[in-house]
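First up is the structure itself, then whatever we jot down about it.
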Amino acid sequence: MNGMEAVVVGYPGPAAQPRRLVLRLPGGKLVLSADMPEALARAVATYLTGPGPLRRLPDGTTYTSIHESLIAELTGRPHLNGTVGILRVY
């Protein structure tokens with residue numbers, strides 16, 4: 001593993017092609033991922049069944065919550081805008 005892991009707790013936008021994910025980092029902080037490559041977004045969409053209620057991040061971003069069963073492997077450090085990159089989701 002190259003980076004740390006986070007739990008996927010939701011996604012903003014459409015479930016058919018989620019370009020970004022909401023992640024719970026170790027320690028509990030919620031962050032938004034950077035844009036995912038198209039192939040990864042399509043793969044993640046296959047796991048997004050049974051969406052939960054809408055929630056809001058502290059910055060006002062609205063997202064659809066999901067059952068917390070997906071794990072994202074993250075790139076090493078957050079980007080300058082505070083987002084984190086995703087290597088894979090499982």
Q: Apply side-chain contact (heavy atoms from CB on, under 4.5 Å) to the pair Thr83 and Val31, showing each step before the final yes or no.
A: CA-CA 6 Å; Thr83 63; Val31 297; over 6 Å; no

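- Hydrophobic clustering (side-chain heavy atoms under 4.5 Å, transitive across Ile, Leu, Val, Met, Phe, Trp, Tyr) groups Leu23 together with Met4.
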**Q.** side-chain contact (heavy atoms from CB on, under 4.5 Å) between Val22 and Leu57, intermediate numbers included
**A.** CA-CA 9 Å; Val22 179; Leu57 291 172; 3.8 Å; yes

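- By the 4.5 Å heavy-atom criterion applied to side chains, Leu70 and Val9 are not counted as neighbours.
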Q.
Applying side-chain contact (heavy atoms from CB on, under 4.5 Å) to Arg24 and Glu68, what does each step give before you reach the verdict?
A. CA-CA 10 Å; Arg24 178 177 294 117; Glu68 299 178 15; 2.6 Å; yes

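- In terms of modelled atom types and a separation under 3.5 Å, the side chain of Ser65 and the main chain of Pro53 share a donor-acceptor contact.
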For residues 35-48, dump all side-chain donor-acceptor pairs below 3.5 Å to protein atoms at least two apart in sequence or in another chain.
| from | atom 1 | to | atom 2 | distance (Å) |
| --- | --- | --- | --- | --- |
| Glu38 | OE2 | Arg42 | NH1 | 3.1 |
| Thr46 | OG1 | Ala43 | O | 2.6 |

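- Atom CD of Glu5 sits about 6.5 Å away from atom CD of Glu73, to the nearest 0.5 Å.
- Contact between Ala72 and Ile86 at its shortest, heavy atoms only, is CB-CG2, 4.3 Å.
- Looking at Ser33 and Arg20, their side chains never bring a donor and an acceptor atom within 3.5 Å of each other.
- The structure places CZ of Arg88 at 10.5 Å from CD1 of Ile71, a figure rounded to the nearest 0.5 Å.
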Q: Report the C-alpha separation of Tyr11 and Leu32 in whole Å, then their side-chain angles, then the decisive distance to 0.1 Å, and conclude whether the side-chain contact (heavy atoms from CB on, under 4.5 Å) test is met.
A: CA-CA 8 Å; Tyr11 57 92; Leu32 195 58; over 6 Å; no

